Amino acid sequence: MKAIIIDDEENSAQLLKILIEQNCPELEVLAVFINPHEAIKAIKSKKPDLVFLDVEMPEMNGFDLLEAIRGNFKAVVFTTAHSQYVIKALRASAFDYLQKPIDVNDLTEMVKRAIQKTGKENKSPQTEEIHHRLERLENAQRKPNVQRLAVQSADGYNMIAFDEIIRLEAESNYTHIYTLNKKYTVARLLRNYEEQLLEAGFIRVHNSHLVNVKHVRHYQRGDGGYLIMSDKSNVEVSRSRKKEVLRILLGEE
């Protein structure tokens, strides 16, 4: 596989190149670019399998650059040291990303996924999705921050304050919403609530569970572990989400 690295911080870009050379023999770094405009020309010319792309750059952010190189690569991996907002958008859109400082294990696992992905696809099908999702999130950022969830009832809608919601649980085509005083069951998929709630301090801890961080009282170690919530309920944490859940709960950047 051929790769190109783009990062406005030269030290960061060179460090990633070294980590790849030392730990990912199946990946060849064709070039490292600090200037995004030069990177665009090279990507259109070389059409690499994989692009490592910094999110926050002064001249052109990663999403603008992604638009400019669309169709000229097979997979992209965003790198970022900052914005939790950006990380949530990337995670929700199924993009691969590496959080700085980059962990070698995360890097090698990501390269394995990229190899599997590019073996099946001729181009990244995720590009459209990230643009649509970011557009929706950016529009939401411009709107008043309404900290309530509208839950349909027989005669209208119940407006539930986010702080009152402890957790949401998926069951087939239904979602159970557990609050401080009541349980609601609605005929909507859990993912229909995820985007709104991730921006309000909720985290996805399992395919079937979305929890309010404010109501987490204890993390119990285990294979993935589980959370004890303020209402004494236990919520399983999946193995694949354990690291990210602990990072959020421990307040690590």
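None of these values were measured; they are calculated from a predicted model.
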[X] side, atom [atom1]; [Y] side, atom [atom2] - distance, nearest 0.5 Å:
X      : Y      : atom1 : atom2 : result
Asp8   : Asn61  : CG    : CG    : 11.0 Å
Asn173 : Leu190 : CG    : CG    : 12.0 Å
Ile6   : Ile69  : CD1   : CD1   : 5.5 Å
Ile4   : Ile43  : CD1   : CD1   : 5.0 Å
Met1   : Leu30  : CE    : CG    : 10.5 Å
Arg204 : Leu168 : CZ    : CG    : 9.5 Å

Check this for me: Arg221, atom CZ, are more than 12 non-hydrogen atoms of other residues, nucleotides or ligands nearer than 6.0 Å?
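Result for CZ/Arg221: open.
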Between Glu244 and Arg247, is there a side-chain N and carboxylate O pair less than 4.0 Å apart?
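Judged by the 4.0 Å cut-off on N to carboxylate O distance, Glu244 and Arg247 do form a salt bridge.
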Between Lys100 and Asp7, does at least one N-O distance fall below 4.0 Å, as a salt bridge requires?
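A salt bridge links Lys100 with Asp7.
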Between Thr185 and His176, does any side-chain donor sit less than 3.5 Å from a side-chain acceptor?
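Indeed, the side chains of Thr185 and His176 share at least one donor-acceptor pair under 3.5 Å.
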May I ask you to test the [X]-[Y] pair for a side-chain heavy-atom distance under 4.5 Å?
X      : Y      : answer
Leu50  : Phe73  : no
Asn212 : Glu164 : no
Leu180 : His215 : yes
Leu107 : Phe52  : yes
Leu227 : His209 : no
Val245 : Tyr219 : no
Gln14  : Val32  : yes
Asp163 : Lys214 : yes

Hydrophobic clusters here meaning ILVMFWY residues chained together by side-chain heavy-atom distances under 4.5 Å, can you tell me if [X] and [Y] are in one?
X      : Y      : answer
Ile34  : Val51  : no
Val104 : Leu27  : yes
Leu189 : Tyr174 : no

The test is salt bridge (charged side-chain N to carboxylate O under 4.0 Å, His left out); show your working for Glu109 and Lys112 and say whether it passes.
CA-CA 5 Å; Glu109 286 300 316; Lys112 289 178 184 177; 3.6 Å; yes
Please list all pairs meeting salt bridge (charged side-chain N to carboxylate O under 4.0 Å, His left out) that have one or both residues in residues 11-30, counting only residues at least two apart or in different chains.
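Of all non-adjacent pairs touching residues 11-30, those that pass salt bridge (charged side-chain N to carboxylate O under 4.0 Å, His left out) are Lys2-Glu28, Lys17-Glu21.
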Could you report the tightest heavy-atom contact between [X] and [Y], atom names first, then the distance?
X      : Y      : answer
Val235 : Arg167 : CG2-CD, 3.6 Å
Asp54  : Glu56  : OD2-O, 3.2 Å
Tyr226 : Ile228 : CE1-CG1, 4.0 Å
Asn23  : Thr108 : O-CG2, 3.9 Å
Val76  : Leu53  : CG2-CB, 4.0 Å
Tyr178 : Glu169 : OH-OE1, 3.5 Å

Evaluate the side-chain contact (heavy atoms from CB on, under 4.5 Å) criterion for residues Ile18 and Gln22: first the C-alpha distance (whole Å), next the side-chain angles of each, then the deciding distance (0.1 Å), finally the verdict.
CA-CA 6 Å; Ile18 291 170; Gln22 292 179 344; 3.6 Å; yes
State whether the side chain of Thr175 and the backbone N or O of Val186 hold a donor-acceptor pair below 3.5 Å, judged by distance alone.
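No, because the side chain of Thr175 does not come within donor-acceptor range (under 3.5 Å) of the backbone of Val186.
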side-chain contact (heavy atoms from CB on, under 4.5 Å) with Tyr184: which of Leu149, Ile165, Ile177?
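Testing Tyr184 for a side-chain contact (heavy atoms from CB on, under 4.5 Å) against Leu149, Ile165, Ile177 leaves exactly one candidate, Ile177.
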